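Everything quoted here is computed from the prediction, not taken from an experiment. Side chains included, hydrogens not; waters and symmetry mates left out as well; all remaining heavy atoms used. Sequence lines set the chain letters: A, B, ... in the order given, protein chains first and strands last, and positions in each chain run from 1.
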Amino acid sequence: MKSLAHLVQMANQIAAFHAALPDHTEAVNGVAAHLRRFWEPRMRATLLDHLDDPACAALHPLVREAIDTHADDLRPAPR
Amino acid sequence: MTAIHEIDFGTPASESTTMVSLTIDGIPVTVPAGTSLMRAAAEAGIAVPKLCATDSLKAFGSCRLCLVQVDGRRGFPASCTTPAEQGMTVHTQNGKLAELRRGVMELYISDHPLDCLTCAANGDCELQDMAGAVGLREVRYGYEGANHLKAEKDTSNPYFTFDPAKCIVCSRCVRACEEIQGTFALTIDGRGFQSVVSPGQLEAFMESECVSCGACVQACPTATLMDNSVIAAGTPDRAVVTTCAYCGVGCAFKAELRGSELVRMTPYKDGKANHGHSCVKGRFAWGYATHKDRITTPMIRKSIQDPWKEVSWEEAIAYAAAEFKRLQGQYGRASVGAITSSRCSNEETYLVQKLVRAAFGNNNVDTCARVCHSPTGYGLKQTLGESAGTQDFDSIRATDVMFVIGANPTDGHPVFGSAMKRRLREGARLIVADPRTIDLVRTPHVEAAYHLKLRPGTNVALLTALAHVIVTEGLVAETFVRERCEGPSFAQWREFVARPEHSPEATEAVTGVPAAELRGAARLFATGGNAAIYYGLGVTEHSQGSTSVMAIANLAMATGNIGREGVGVNPLRGQNNVQGSCDMGSFPHELPGYRHVLDEGPRALFGQAWGVELEPEPGLRIPNMFDAALEGSFKGLYLEGEDIAQSDPNTQHVTAALEAMECIVVQDLFLNETAKFAHVFLPGSSFLEKDGTFTNAERRISRVRKVMPPLAGKEDWQVTMDLSNALGYPMHYAHPSEIMDEIARLTPTFHGVSYDRIDELGSIQWPCNDEHPTGTPVMHQQEFVRGKGRFMLTEYVATEERVNSRFPLILTTGRILSQYNVGAQTRRTANVEWHEEDRLEIHPHDAEDRGIKDGDWVGIVSRAGETTLRARVTERVQPGVVYTTFHHPESGANVITTENSDWATNCPEYKVTAVQVTPVFGTSEWQARFRQFTKEQLSLLAQAHWESRP
């Protein structure tokens with residue numbers, strides 16, 4: 001699934017920026033907030049729905065943690 | 001005569017605050033000290049005859065026509081070079097002066113053809129006017145003696161003719177080239193009677209260094225340098241002031257016409273962005289507006305394999321609306337969206353995003369700033385609190401140190417590039433950070449103090465290393481930071497940048513910039529006086545574009561270079577309305593005025609005003625739309641003025657996405673590359689055919705005024721309104737001014753903006769509201785828009801686009817002076833004479849390694865695709881780096897670029913693509929397919945015209 005790999009790459013880039021923050025909680029929240037504020041629901045849903053896909057094995061730990069911590073907020077409302 | 005008469009005061013205004021009072025021809029006059037007598041007289045309504053003087057140039061004192069008498073002084077001083085003094089009594093008209101002037105004029109006319117009636121400048125010639133003003137009635141010398149009347153014309157330039165037979169050697173053209181443009185292409189060759197104006201070393205204009213900005217033509221008082229369009233059509237009889245539709249400088253022009261035929265575009269002296277200057281595009285390259293390729297009848301077709309069918313506006317709009325409704329019914333509300341261009345006006349982009357949000361009912365709207373300056377919006381909002389540059393262009397007059405990074409102003413923003421060069425000639429120092437040796441690095445009387453020739457993709461490492469020097473060498477503006485910035489974020493940043501791994505010595509291996517040079521540049525930036533940062537797409541179009549923008553803001557804050565004239569963070573916007581299209585809510589996550597769709601307050605405000613409930617989720621960005629189209633969930637797209645098939649990266653990915661969609665509606669002037677994949681074509685109107693506003697790189701909102709009726713019968717905003725109405729969401733605006741009134745009502749930074757107010761002030765820099773009733777030239781003066789400035793940590797993260805043995809070179813792209821972006825406009829003008837094809841610049845070492853000679857065809861292969869171009873072997877690029885432009889679709893520059901993008905905004909990483917370059921003998925497969933597809937599509941277009949014939 002090409003777009004999932006692309007989403008993983010993009011999410012990891014977001015994490016790489018926030019990884020510089022010394023406050024770990026701030027970094028996790030920063031990643032989650034960025035996904036929530038800038039990713040269209042289809043993109044978030046695709047990532048959240050395929051966390052067990054092999055492509056997601058490459059997810060940055062900060063992204064994993066952001067999703068774990070903020071899953072409810074990141075999960076798009078049904079349309 | 002033109003309808004708009006601009007007074008020529010003869011010499012520039014003095015900026016002195018000390019006033020002097022004097023009497024001229026019995027009239028008391030008070031002027032700033034340093035004002036010439038000529039200007040003082042002009043301000044009192046007294047026109048002193050002149051030829052070599054014009055108020056855009058320093059006084060020269062050569063023509064001897066402006067002589068005056070001053071009580072108590074001997075002789076007849078030239079009024080242009082004599083400053084007004086307290087208590088002077090000046091006489092500009094008396095018998096002796098008249099006699100002297102007639103004598104001077106007699107000499108001029110004795111070596112000037114007497115062909116006024118057939119001359120292109122007849123009625124618009126200063127020499128003719130002066131002959132009348134001084135009462136010249138006879139020329140006693142005849143034409144028997146030596147003269148220049150048989151001098152040969154130079155018609156090499158496609159836009160103007162140089163007729164030396166008509167030259168009076170006043171040097172205005174030479175001085176304009178030096179003082180205004182800064183190219184120094186012209187000189188006076190020879191002495192005395194032998195003196196002639198010489199492009200280069202007595203070369204033809206096109207062979208010289210001339211950049212065809214038109215400053216010499218503008219300055220010429222005779223028909224010596226004359227627009228070919230005026231020679232062909234005659235002198236214009238009316239003029240309309242409007243704004244150029246090319247780059248983000250936003251020059252004001254007088255569009256001069258005969259009836260509804262545009263004859264000449266003359267830079268407007270009162271234009272606050274350009275002050276009467278222009279470049280080859282704005283001044284001359286407007287012929288595309290009436291080019292034979294313009295499509296002026298709406299067209300539809302079911303499939304892109306079908307011929308186009310010409311239809312009425314009503315049928316085309318109804319078809320497009322029905323298709324969008326069908327798609328939303330079948331695939332869901334989020335299956336359609338729209339993309340606008342920065343070439344559109346504020347009103348047009350506002351209407352399109354309103355259509356998407358209110359009629360489509362989603363936030364799937366984006367604009368081409370996605371692929372250029374979206375990181376500017378993000379980075380500056382995070383640090384300073386507002387997604388905009390901080391200064392006006394005139395701020396550069398007070399700049400002591402310019403730091404230009406990732407921008408090529410003399411090509412991309414030529415009129416501002418000239419302003420930069422002027423300030424540099426006055427003594428400002430220059431730091432350039434660029435992988436290429438751009439012209440600004442070394443140009444007549446200008447040389448960069450530092451050229452940091454970094455490797456593409458390492459901006460963040462370089463900027464953080466500069467910050468390291470500033471912090472570790474005690475160069476921080478401590479008081480400014482303490483008073484104006486967030487303490488905790490600064491403390492965190494200070495500790496971060498001071499780490500040894502961010503030192504110039506540690507980053508040298510990454511950036512390729514010698515540590516000593518970088519340290520020198522950092523010291524100059526921090527201690528050289530007013531330091532201003534100017535940057536372009538060489539900063540933003542990277543995987544760390546947003547991080548670089550934040551690093552730039554960090555530097556400005558740390559050194560206190562923000563919030564006053566002469567300093568600041570200045571993104572040079574590529575297109576005329578990049579700033580405006582972003583301001584208008586064209587991003588999928590933001591409503592007009594940069595208010596997030598997740599924020600309930602603004603959403604409720606717009607929802608109430610528009611009578612709909614707005615979607616509380618961000619929409620798809622342009623690259624996300626492509627992915628969704630290929631996944632099957634995005635099916636319909638409305639594009640206004642944007643050619644994504646040429647301008648966006650990884651062309652084959654883009655065209656596959658276009659082919660996967662069921663309804664593509666293109667509103668444009670021409671059948672551009674994207675339109676070849678379209679199902680509905682709605683004819684667009686050029687900037688000459690509509691009313692509206694553009695907002696330039698300095699947040700300056702300027703009027704675009706309709707100069708001629710729209711060729712297709714509708715202005716673009718009317719087409720969007722019709723589409724919205726057909727979709728069932730009513731829009732009823734009688735004029736674009738009503739759209740601006742709505743924007744102003746709903747957007748705090750625009751509360752004070754209206755067409756009447758713009759007409760009154762000439763132009764307005766937002767914010768314009770009760771707090772700033774005349775606008776805001778310099779932002780963040782007392783405090784930052786966000787309150788305290790926020791320092792951001794900027795860790796360098798290497799791009800994933802790495803060189804290796806298969807792809808050992810880095811390709812970077814850019815644009816050239818004579819062409820504009822995808823070239824849809826400039827390729828349809830004589831500007832192709834300067835740039836008829838895109839070429840690949842390659843360093844001699846890399847060329848020699850590969851057996852490539854200048855002019856050879858080479859194949860360029862990346863992980864995304866392959867194309868061929870002809871090589872230009874040059875040391876302008878460094879070893880390991882190749883460069884090309886993207887103005888011609890068949891070049892396929894974006895077939896090679898990849899989908900890598902900025903982490904925060906998805907702005908594509910156009911500036912870093914790993915490639916291999918090899919000699920080839922044929923074109924690439926993609927180019928062969930492109931040619932075949934183009935041929936087929938042009939044939940389908942021709943069938944539309946054929947079938948519609950009676």
Quick one: what part of [X] sits under 4.5 Å from any heavy atom of chain A, side chain, backbone, both or neither?
{"X": "B:Gln492", "value": "side chain"}
{"X": "B:Leu793", "value": "both"}
{"X": "B:Pro616", "value": "backbone"}
{"X": "B:Tyr378", "value": "side chain"}
{"X": "B:Arg333", "value": "neither"}
{"X": "B:Asn906", "value": "side chain"}
{"X": "B:Ala628", "value": "side chain"}

(message) Looking only at heavy atoms and a cut-off of under 4.5 Å, which of B:Pro588, B:Ser901, B:Ala334 has the most pairs with chain A?
(response) B:Ala334
(request) Among B:Asn624, B:Val797, B:Thr905, B:Asn900, single out the residue with the greatest number of heavy-atom pairs under 4.5 Å to chain A. (result) B:Asn624
(request) Could you go through the salt bridge (charged side-chain N to carboxylate O under 4.0 Å, His left out) check for A:Arg37 and B:Glu617 one step at a time? (result) CA-CA 8 Å; A:Arg37 291 177 75 80; B:Glu617 285 280 6; over 6 Å; no
Can you tell me how far the [atom1] atom of [X] sits from the [atom2] atom of [Y], to the nearest 0.5 Å?
{"X": "A:Phe17", "Y": "B:Ser543", "atom1": "CZ", "atom2": "OG", "value": "13.0 Å"}
{"X": "B:Glu800", "Y": "A:Asn12", "atom1": "CD", "atom2": "CG", "value": "7.5 Å"}
{"X": "A:Leu21", "Y": "B:Met792", "atom1": "CG", "atom2": "CE", "value": "7.0 Å"}

(request) Using a cut-off of under 4.5 Å on heavy-atom pairs, state which of A:Met10, A:His34, A:Met43 scores highest against chain B. (result) A:His34
(request) Can you establish whether the number of heavy atoms outside B:Glu600 located under 6.0 Å from its atom CD is more than 12? (result) no
(request) Count the heavy atoms belonging to other residues, nucleotides or ligands that lie under 6.0 Å from CG of A:Asp23, then report whether that count exceeds 12. (result) yes
(request) Would you please test B:Asn363 and A:Glu40 for side chain to side chain donor-acceptor pair (under 3.5 Å) and show each step? (result) CA-CA 9 Å; B:Asn363 285 313; A:Glu40 201 257 2; over 6 Å; no
(request) Check A:Pro41 against B:Pro618 and note the closest heavy-atom contact, atom names and distance. (result) CD-O, 3.4 Å
(request) Please state whether the side chain, the backbone, both or neither of A:Arg36 comes within less than 4.5 Å of a heavy atom of chain B. (result) both
Show me, pair by pair, the donor-acceptor contacts under 3.5 angstrom made by side chains of residues 545-552 of chain B, not counting sequence neighbours?
residue  : atom : partner  : partner atom : Å
B:Ser546 : OG   : B:Asp902 : OD2          : 2.6
B:Thr547 : OG1  : B:Trp903 : NE1          : 2.8
B:Ser548 : OG   : B:Gln544 : O            : 3.2

(message) Contact between B:Glu495 and A:Pro22 at the side-chain level, heavy atoms closer than 4.5 Å - yes or no?
(response) no
